[in-house]
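Protein chains get the first letters and strands the later ones, always in sequence-line order, with residue 1 at the start of each.
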Number of protein chains: 2
Amino acid sequence: MEPIRRQQLIDATMAAIDEVGLGEATIMRIARHAGVSAGIISHYFGGKDGLLEATMRQILTDLSNAVAARRRALKDDSPRAHIGAIIEGNFDRSQVTGPAAKTWLAFWASSMHKPTLQRLQYVNDRRLYANLSYQFRRILPRDEARNAAQGLAAMIDGLWLRGALAPDAFDAEAARYLARSYCDQLLAHHGYTSTTPHA
Amino acid sequence: MEPIRRQQLIDATMAAIDEVGLGEATIMRIARHAGVSAGIISHYFGGKDGLLEATMRQILTDLSNAVAARRRALKDDSPRAHIGAIIEGNFDRSQVTGPAAKTWLAFWASSMHKPTLQRLQYVNDRRLYANLSYQFRRILPRDEARNAAQGLAAMIDGLWLRGALAPDAFDAEAARYLARSYCDQLLAHHGYTSTTPHA
DNA sequence: TTTCATTAATTGAACGTTCAATAAAAAAAT
DNA sequence: ATTTTTTTATTGAACGTTCAATTAATGAAA
């Protein structure tokens, strides 16, 4: 029963944050979304903070899995292919629009003042940077690779931020195209030519 | 007396949000920061929401002014110069790190669920896009210009988001360099050569 | 019956708002 | 100039509401 309830409550948390924002996402509202009583949250997560932390953890895990799966499925081992997979994985993110995205942004803002969330967010950020940096380094000199990784990471965050903010106006395909184009420009800048130009 | 108090309270709001986040920024804490009593907030702003809206308005005005001032000071009327001024202005933003930045991000998240803030944020976003788009259009074909504007806008947001999140690790100069490099790549992509390469 | 899962009622703290009272400043009258 | 009146600025306490957490009671399963 425990794993079922935990998942229900995590999903309900995202739904509630998507609906009214983190500030108004009370334990009663979350519990109502999950179809259970409020007390059960303290029982399974020790309190509201525990539930919020578990929810952020799940989002990060989902993101990590989405990237890893696409990289595992690669036939091409080129840096461009790996970076492409990272981009695709980040824009999957259990739908860039929708509950997960708004929840992510809410946690992002909240992590500025909650050490626990900040740590999670930091680890995730470093992983993205390390992965990008490593792949760029296979082609670009050290400083160039470092800049490229930071630039692309910023662009991914920025595009996704816009997705969370205006889900209706957001075109996920256009976002992926922009990120890949930027990646290609970064690589081309140092003599690398892509084998298969993106559509 | 009124304009003085209003400014004090707006500054105190940013200080409080910088300190403990939007969720914990109570009117008592804000009032204490300003050295006045809590009741005065309702007197001058009609309530907490009024104060928050006024604070966001001020941040947007400051940003708008920072960009406008740099564009007015341009000697060169080239698209590249204008876009450069927009970048510089956006990374001024009354210091990308510090209270204003955290307040901005807090409002950004909050605007997903508060129509008033959403409207302010939307107008600001459209102005950035329109300005960038117009300048790119002077050199690039329509679709290319549209993509370039969206890409650069996303990169600016992404870089700045990272500044708000990790003020200590953030290098404003590096951020400006990344944005300008990206801009140059976008322009160079269609035969345009910059007159003065950035340092 | 004993244990596990859940609920519903309750508690105390914290919140934003309101309001009557006060203090300070300005204006008017003497 | 001095006093009186009016306006403005501000306070601090009280109110009603809402929240997260806790507790005791209830139901189901083993």
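- For A:Arg5, a side-chain nitrogen or oxygen approaches OP1 or OP2 of C:dT6 to under 4.0 Å.
- Taking atom CG on B:Leu9 and atom C1' on D:dA9, their separation rounds to 13 Å, with Å as the unit.
- For the pair A:Met28 and A:Gly35, both in contact range of DNA chain C, the more 5′-proximal nearest nucleotide belongs to A:Gly35.
- Atom CD1 of A:Ile156 sits about 6.0 Å away from atom CZ of A:Phe91, to the nearest 0.5 Å.
- As a whole-Å value, the separation of B:Asp49 CG from C:dT18 P is 12 Å.
- Per the geometry, CD1 belonging to B:Ile40 stands 13 Å off C1' belonging to C:dC19, to the nearest Å.
- Rounded to whole Å, the distance from CD1 on B:Ile27 to P on C:dG16 is 5 Å.
- B:Arg32 places its CZ atom 13 Å from the P atom of C:dG16, with the value rounded to the nearest Å.
- Residue contacts for B:Phe45: at a heavy-atom cut-off of 4.0 Å it reaches no nucleic acid atom on any strand shown.
- Following rounding to the nearest Å, B:His43 (NE2) and D:dT10 (C1') show an atom-to-atom distance of 8 Å.
- Taking CG of A:Asp184 as the start and CD of B:Gln185 as the end, the distance is 11.0 Å to the nearest 0.5 Å.
- Scored by the ring-ring contact (aromatic ring centres under 6.0 Å, His included) test, B:Tyr182 finds A:Tyr182 as partners (sequence neighbours excluded).
- For B:Lys48, whose side chain is taken as the heavy atoms from C-beta onward, the closest listed nucleotide among D:dT22, C:dT17, C:dT7 is C:dT17.
- Looking at heavy-atom distances under 4.0 Å, B:Thr26 makes contact with sugar-phosphate atoms alone, never a base.
- In this structure, A:Tyr44 places its OH atom 17 Å from P of D:dT22, rounding to the nearest Å.
- Across the protein-nucleic acid pair, B:Arg6 atom CZ and D:dA9 atom C1' stand 15 Å apart, rounded to whole Å.
- Of the two residues near DNA chain D, A:Glu24 and A:Gly39, the one whose nearest nucleotide lies more 5' is A:Glu24.
- A:Asp11 and A:Gln7 share a side-chain donor-acceptor pair at under 3.5 Å.
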